[in-house]
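In what follows, a structure is listed as structure tokens, so that the remarks can point back to it.
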Amino acid sequence: MPFSEVDFLQALAAGILVGSAYALMCIGLGIIFGSMNVINFAQGDFLMLGMYAAFYLTAGYGVLAFLGPYAGPIAAAFLAGPVVFALGWVLHRFIVSRVTGAGAAQTVGAGAYGQIIVTLGISLILQNGGLILFGSTPVGVRTPLSRQSWEIGDILLNQARVVSFLVAVTLAAGMYLFLSHTRLGKGLRAAADNPQAAIYMGIEVDRAHRLAWSIGVGITAIAGGLVATFQTFQPYVGFDFVIVMYAGVVLGGLGSNFGAFWGGLLIGIVQQMSTLVLPYQLQNTAIFVVFLLIIFLRPQGIFGRLSERA
Amino acid sequence: MRTRAEANRQRWAILGVAAAVLVLSFVLLKSAYYQLVLTQVLLWAVLSLAWNILCGYSGYFSFGHAGFWGLGAYTVALGMMYFDLSPWISIPFCALVGAAAGAIIGYPTFRLRGHYFALAMLAYPLATLYVFQWLGYQELTLPMKREAPLLYMQFEDPRGYVVLALGLLVVALLISLKVENSRFGMSLMAIKQNEPAAEAAGINTWRWKMLALMLSGALAAVAGGLYAVILLVVTPETVFGMLVSAQALILALFGGVGSLWGPVIGAVVLVPLAEGLNAELGDVLPGIQGVVYGVAIIAIILLAPEGVYWRVLDRFSKRAPAAEPPSQMPARATNIAPLPRAPVSTGADLLVLRDIGISFGGLRALDGIDLTLPEGGLYGIIGPNGAGKTTLFNVINGFLASDSGAITFAGEAITGLRPNQVCRRGVGRTFQVVRAFPRMSVLENVIVGAFIRAPTDAVARDMALAALDRVGLVDQAEKIAGGLTTRELRLMELARALVPHPRLMLLDETLAGLGHDDLGGILGVIRQLRAEGITVLIIEHTMHAMVQLVDHFTVLDHGRLIATGRPQDVVRDSRVIEAYLGKKWSDRVAVPAK
Amino acid sequence: MQNSPTRRSVTAGLALGAISLPALRVGTASAQAKSVKIAMIAPLSGPWARQGQLLRQGADMAVEEFNSQGGIKSLGGAKLEIIYADAGDNTEKAKNAAQRLLSDHPDLVGGSGAWLSSFTLAVTEVTERAQLPWLTLSYSDAITNRGFKFVFQTSPTAEWQAAETLPTALKLAEHATGKRPKTIGVIQDNTASPVSFGKHLREGGGLEKVGLKATVDQIFTPPLSDATPLVDKLRSAKPDFLLLLTSAMPDCKLVLEKLDEFKLAKGKMPLVGNGAPFGSPELLNTIGPELLEGMLFSVANWPLKGQEEFIERFKKRTGEPFATQDALCGYGDVAILKEALEAAGAADKLKVAEAIRQMNLTTGPAAQFFPGPIKFDEKGRRQDVPMIFAQWQKGVPLTVFPEDRALAKPFWPSV
């Protein structure tokens, strides 16, 4: 073995910690993808907005600065969610809903095309608008957590990432309960499974979609706020995560929000652990190899349902 | 499928566009900058057309065409750096590279559908990007050849590149046109609109999809190769990056997906728009160009969700009165020879099922089915909902692979064959819910079914007309299938299944949802089939209509075959009565049967 | 802007009338008869926008100052006019920008840019054919390996930097501690310039020559998601010092913080870097001065002794905490073009190019902005350039080598 047990455990821990942030992003994307069957190319840019929201809430004289360098950033990450949720709501109301959902489904196939352009357009606007508003200088949310660790034997666990892990897991569990146990959540799933039937059942599909979209971008924004505590970013950072998110959601498989969670987690683990045996440069190639292997062996994803062939 | 005259018109349009570009380049545009932008417009149009061949026609979206583009660019750059290979040689070679990449990618990826396919395609260029970085090809420059520039495609005059890119665009347009006007394109469109139906109609969907991806990849790689020559610098991010893949699909979606001119329109509008914005705003307020571009594409797509081409076409065709009557209204299929038909060897076993079983999860959907159909009869399968009737059809025609058992058709084992292979051997089928190709005309719907028997596309057309004639739908031939009534749809589907002269027809609840008046016509067609010697196996769950129609009944319940025999015997069978009406009724033996 | 009307009509025509913005721009150009046009292409949008803006700040300042000092004297006080173009986020845009500048402004006499070496490679393919003298701070050797006659690289090339960095760093270490480090850890990304640096170390025998053994040697693809596995390897191998070759600030931040977390920072493992990101103000802002203290990095250009006044002016003008390579080079490139115009005595690109080739400046504003004389060889590379080392000392990256132009004394961190 070219690596020691400590290396192995350390890489595994890093994978789980990195992966949990991915997992949360993936849940956000998965809700949108799963409920609306929409590919949102702007998801990474909502992540970026979450990062900047957290940054401006804490930096300098930000409203949360009084909470100090420990609690402040975490509270800011949470607050980034509602901020981006609201923006998502507006965007869906005025733009996205016009190319997705029940209305668009009437014109055969057209909706699916329109939404791709629209989300790509939103992505361009957010990135470049971000450049104008936030400037080009990379920034980060400063917290001592990002350079302190808890030690378990020889294994070091970065505190910022552990906090992010805990938040991600809690939120994921919350989302799971919301979707499976509340009326609102069940409505979302019904709208996803069969929009026509949902309409008959009295569920307003467009409203359900708007909620799914807004929750989806909001959750991803919280993930962004968490990532902001240990990484620096500039307005074009979203793209770095978009691929990871889609790989995670496809890996996890449609039909299960928890699938997206595990998919994201798996990507983090593969990414970090591949470095034990492969050149570091091929970290991301390893993700794609696993990705392709899984779609080859289990096209429906790890947790997806088998769709009928005929 | 277009008529010959229309295809010719398109060819002239392509020539016209080419001439216009030449005039623009040689007469109107003076600066090298505009020549460069024009070249890029042409090249991106080629990439988008390449994308359109796969994605526009077959509906399999790819977010990863940068993979082909990048491989082309690197083929040219590495060829020149390490083997002193002139682009004149390496660019045609790119076609091979692109086609090979298409084959390798398609093999695993066509297991996926819809968004999953699209996203999986995204993985290829990105994974390749990292590999090229790892190999150390971060920045390749094509060496400047001062001695023999022409030999290495290095022109002093930028118009040289315009001409090359234009030539490539013309080739791409002609290829697209050829695809559109052949069974290749028809098959792809059928796949896009209803893949299972296409497969059941005998279209080898796998083969056409692979061919489309390979052709698409070849074209994209050639364009990428030329791009390297023009840019002279190749970096993994520039050629394998997400921007390239996005460009390919934005242009096509914007212009009108699945149309010949959509990608060209997209490139002509958007490439200069983006560049113009960069030029005018990029140094004033950096970033604003991206915002304006984003707003612009959103605004236009909200106005024309299907793309500019289709929107304009709709406008145009709505305004123009139907002055032109459906031009080539079939002149009654008088010149069509009677069907060549194997003599009906009544009595020999045509279809034999042995011990067919299949489970879904814990549910035993079919359990030990044995069934033998001698050729030349009209057989019915009945059973309550969920009895496994449609599942049985799906197993026979290859949609589902059974867990156990064997199927023999005309003496040949067909177990495990794909639907199109089963269809080729002479098994036609219709569906419980009609699977039409809704955006194609009735005639085109039926033509798709004719391909497996027709040596040429013209013959396919004649055969389709003959089949429509047989079901009495020939007057509706030019109608778009999406606008038909249920009865017409059923008849059209029957015609599609009939057109390749099957020996066995599987009809899945063909009578369902029809009113009393409509029923007669269809029953007539079915009886006529039998008269012509075609063996018919029909599913119904209402016993009533069946009793009048069929010679022989088979009853399924809970995946088991519970009775088989002449209709009047079967309806008295206590197990059948129990299955339909419950235990209580079966005890009161006497059931009045007609 | 004599070309404006045609430009407007054709652009608008191509875009089907979607653009009518050029109208806004007529009149921004100086109406003065006597002005000399130079160009700068830099990434003003996209992921490298920050660097492009720093370049622009420097160049803007230079143009203003030279013009207020009386313009080009040999041309009767003609003013400099600088035209900017955005190289955006990919080489195609960069190349288009170059072609556009040349078409719109056939009277350009010289230019500078485009920061990222792949952009510069594409841009110079255009400027070379137009025989426009072009200055660049990009490091890549390929830029001046193509036999071009009109490209001038003001930075030492990547290979040369690779050859100079380690011997100098070792000398500093030996001088400060009396001991010569024996082992080294190398962590780098795989963008163009670190790759050619690393190639020199490994395949070019750069490590053997200085008697170093690499106990950790890792190349990663940016952006880094987490530095744990990288730094974990350092923890096990414990090299005498770490050579960090990252080209993006976020990756650098992750590694430095992870070093701290693994108790390897703050002098426990001395750090040597290469490239301007190691001295960026944003690095200071995000991780603070303690972690940076003592970090040495070699760089093509950094504030030197003799520029104190400039640095003050720059800080006041831009609000930046200190000047960096990009701003210096932006200023310096304009200064070189100005000197060349003075020498050429004509607003003619061929004469300007010839003047740059003949140039041998050791004094004056241009020379002040670069270490060593301004003198180019036939490839277009500067000759006799010393490697600059800067070191973070109390929250400021100060030039510590070469001694004659250093602003502080170097130290080798030791525990």
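What you are looking at is a predicted structure, and each value in this text was computed from that prediction instead of being measured. Below, chains carry the letters A, B, ... as their sequence lines are ordered, and counting in each starts from 1.
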Any side-chain donor-acceptor pair under 3.5 Å between [X] and [Y]?
X: T318(C); Y: Q57(C); result: no
X: D333(C); Y: S112(C); result: yes
X: S140(C); Y: S117(C); result: no
X: T91(C); Y: T238(B); result: yes

Would you mind checking which part of [X] comes under 4.5 Å of any heavy atom in chain B, side chain (CB onward), backbone (N, CA, C, O), both or neither?
X: T191(C); result: backbone
X: R146(C); result: both
X: E125(C); result: side chain
X: K199(C); result: neither
X: F148(C); result: both

Report which part of [X] has an atom under 4.5 Å of a heavy atom belonging to chain C: side chain, backbone, both, or neither.
X: Y227(B); result: side chain
X: L243(B); result: side chain
X: L231(B); result: both

Practice task
State which residue, out of D89(C), N96(C), N90(C), fulfils the side chain to side chain donor-acceptor pair (under 3.5 Å) condition with K93(C).
Solution key: D89(C)

Handout entry: Lys/Arg-Asp/Glu bridge criterion (N-O < 4.0 Å) met for D84(B), K145(B)
Key = yes

Handout entry: Residue, of G290(B), G282(B), G241(B), that accumulates the most heavy atom pairs under 4.5 Å with chain C
Key =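 So the answer, after comparing G290(B), G282(B), G241(B), is G282(B).
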
Problem - Top of Q289(B), E156(B), Q40(B), E237(B) for chain C proximity - count of heavy-atom pairs under 4.5 angstrom - result: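 Ranked by heavy-atom pairs under 4.5 Å with chain C, first place is Q40(B).
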
Exercise for the section: Quick one: which of A49(C), S118(C), A98(C), A122(C) has the most heavy-atom pairs under 4.5 Å with chain B, could you say? Expected result: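 Among the listed options, the one with the most contacts to chain B is S118(C).
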
Exercise for the section: Using a cut-off of under 4.5 Å on heavy-atom pairs, state which of Q99(C), R129(C), Q53(C) scores highest against chain B. Expected result: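 Option with the greatest count: Q99(C).
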
Handout entry: Neighbour count >12 (heavy atoms, 6.0 Å) for atom CH2, W134(B)
Key = no

Exercise for the section: Work out which heavy atom in A223(B) is nearest to a heavy atom in V46(B); give both atom names and the distance. Expected result: CB-CG1, 3.8 Å

